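Structure first, then comments.
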There are 2 protein chains.
Amino acid sequence: MGQVKMPKVGRPPQGTAPRDTAEQLKQSALTLLARKGYSAVTIKDIAHEANLTTAMIYYHFKDKTDLVRATIEYAIENALQHFSKVSKNTDHPAALIHDWLQMHVSLQSDISKLLKLIVDYRHSDMRTPYIDAAIRHFYDTERELVAACIRRGQRVQVFKTGDPDTVSDLISTFLDGAMLRSFLVDDFDIKASIEMFEATLWTSLGFDGRWD
Amino acid sequence: MGQVKMPKVGRPPQGTAPRDTAEQLKQSALTLLARKGYSAVTIKDIAHEANLTTAMIYYHFKDKTDLVRATIEYAIENALQHFSKVSKNTDHPAALIHDWLQMHVSLQSDISKLLKLIVDYRHSDMRTPYIDAAIRHFYDTERELVAACIRRGQRVQVFKTGDPDTVSDLISTFLDGAMLRSFLVDDFDIKASIEMFEATLWTSLGFDGRWD
DNA sequence: GTCTATAAAAGGATAGAC
DNA sequence: GTCTATCCTTTTATAGAC
């Protein structure tokens, strides 16, 4: 519609802004897919969200499902990047779990989007072994990160009780619930909810609250 | 395709089987909508699942969204019926919470379907005040049932700690997570997961495990 | 790399016979 | 109440100009 288009000169924009057209399309797809799901989102919607036309999608991707698969990979990679940061910042086991929970508060938007994408994908007929493996890897990383931390906490006597793997699943399941509720309930206070859970968790693990 | 159709004689089938065509359609829609979501399910799919043709959907319902709205109502009514049973069977506050959790294990299939329907509906553009109100009523009932039970438990000194409303939300959020995981993870052991949560909950509420 | 225009397919909805 | 046949709209996907 007669939009003026700036010619691209020099390096593409830096920072969080999308770097190229393909990534721009994946980012747009991610937003829309999380909001409405695969079938409800048309390639026109995605192209429009990215200020492009449908033909551009077929220039960069084979078809609609190819774009969606690329988008899932993209979202998983992003999430895993954030995961790896958490384990770097802190040493105390309880502090690491705390950071883990807090990350879900601050990245709630991204993580709940990914979760919705995965639910959608799992019930679709476009599954591939490769994407299935990527999703499994994502869950395994999550599970192991927390379980390892609890194991370490028990070795140094910070945590007294609980099977590490079981507790890790308990935490993940609760966090999934919190992500879901943030989608579902308008005025859901995810921060308060996760903090309440944290308190419950410390009681259950026999952690006395001494952070040093 | 030349299917032989038995003439309907006498009373329709009794028990859990669908009683009439409209209910049969709602039941079929529920199954498919929970599996694939509104846009991914075609009226042809639904008609086929019910062993009928698309025209029958338009005989019983105004259009596709009308059928979906009726299906959500239907699923909520079913769930609320089950809810009301729980509060009748037991008296001890801890036993009631226990039954509440166990109900989510045994009715996991129905409840997770409803949950998926609601997520789908909330992000659709077919929302009506009436269905919105029905969903809110569903959540309020859930919340109040558990909160009232905890309040009573504190009055009779069975539970020692925790704000009833906050704890009620904690329970609901975890259960939502468990429902989601049962959709998401193939070999998810919902029974074990909820039992683990129950143990955590008793610790957190200061319940000593004396059921008398 | 990006657009316009259009072909091809799928899905929602209706008319009319039985 | 139920079916067959069909219309109309939406959506996916491609061809070809710039």
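Residue numbers begin at 1 in each chain, while the letters A, B, ... track the order of the sequences. Please read these numbers as outputs of a predicted model, since none were measured by experiment.
Here the C1' atom of nucleotide D:dA15 and the CE atom of A:M56 are 16 Å apart, to the nearest Å. Counting to the nearest Å, the P atom of C:dA8 and the CD1 atom of A:I43 are 17 Å from each other. If you measure from atom NZ of B:K44 to atom C1' of D:dT10, you get 15 Å, rounded to the nearest angstrom. The distance from atom OH of B:Y59 to atom C1' of C:dG12 is 20 Å, rounded to the nearest whole Å. B:Y58 places its OH atom 4 Å from the C1' atom of C:dG12, with the value rounded to the nearest Å. Between A:I46 atom CD1 and D:dA13 atom P there is a gap of 11 Å when expressed in whole angstrom units. B:I57 places its CD1 atom 11 Å from the P atom of D:dC3, with the value rounded to the nearest Å. Atom NZ in A:K62 sits about 8 Å away from atom P in D:dA13, given to the nearest Å.
Comparing A:S39 and B:T54 by the nucleotide of DNA chain D that holds the closest heavy atom to each, the one mapping nearer the 5' end is B:T54. In terms of position along DNA chain D, the nucleotide closest to B:H60 lies nearer the 5' end than the nucleotide closest to the other residue of the pair A:Y38 and B:H60.
Separation of the B:F138 and B:F83 ring centroids falls under the 6.0 Å cut-off. For A:F174 and B:F174, the gap between ring centers reaches or exceeds 6.0 Å.
Nearest to the side chain of B:T42, among D:dT4, C:dT4, C:dG11, sits C:dG11. With C:dG12, C:dT4, D:dT12 as the candidates, the nucleotide lying closest to the side chain of B:K64 is C:dG12. Distance from the side chain of B:T21 is smallest for D:dT2 among the nucleotides C:dT2, D:dT2, D:dA15. Side-chain proximity of A:L52 to the nucleotides C:dT2, C:dG12, D:dT2 is greatest for C:dT2. Listed nucleotides: C:dT2, D:dC3, C:dC3. Nearest to the side chain of B:T53: D:dC3.
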Could you walk me through whether A:Q24 and A:S28 pass side-chain hydrogen bond (donor to acceptor under 3.5 Å, both in side chains), step by step?
-> CA-CA 6 Å; A:Q24 169 65 39; A:S28 300; 3.2 Å; yes
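Side chain of A:S124 to main chain of A:M126: a donor-acceptor pair is present (N/O by atom type, distance under 3.5 Å, no hydrogens or angles).
A cation-pi arrangement is absent between B:K26 and B:F61 under the rule of less than 6.0 angstrom and at most 45 degrees off the ring axis.
Between A:E73 and A:R69 there is no salt bridge, since no side-chain N of the basic residue sits under 4.0 Å from a carboxylate O of the acidic one.
One side chain, A:T42 or A:D45, offers a donor N or O that lies under 3.5 Å from an acceptor on the other.
Summary of helix geometry: the two end axes of the helix from C:dG1-D:dC18 to C:dC18-D:dG1, each defined by five base pairs via their C1' atoms, are inclined to each other by 0° (rounded to 10°).
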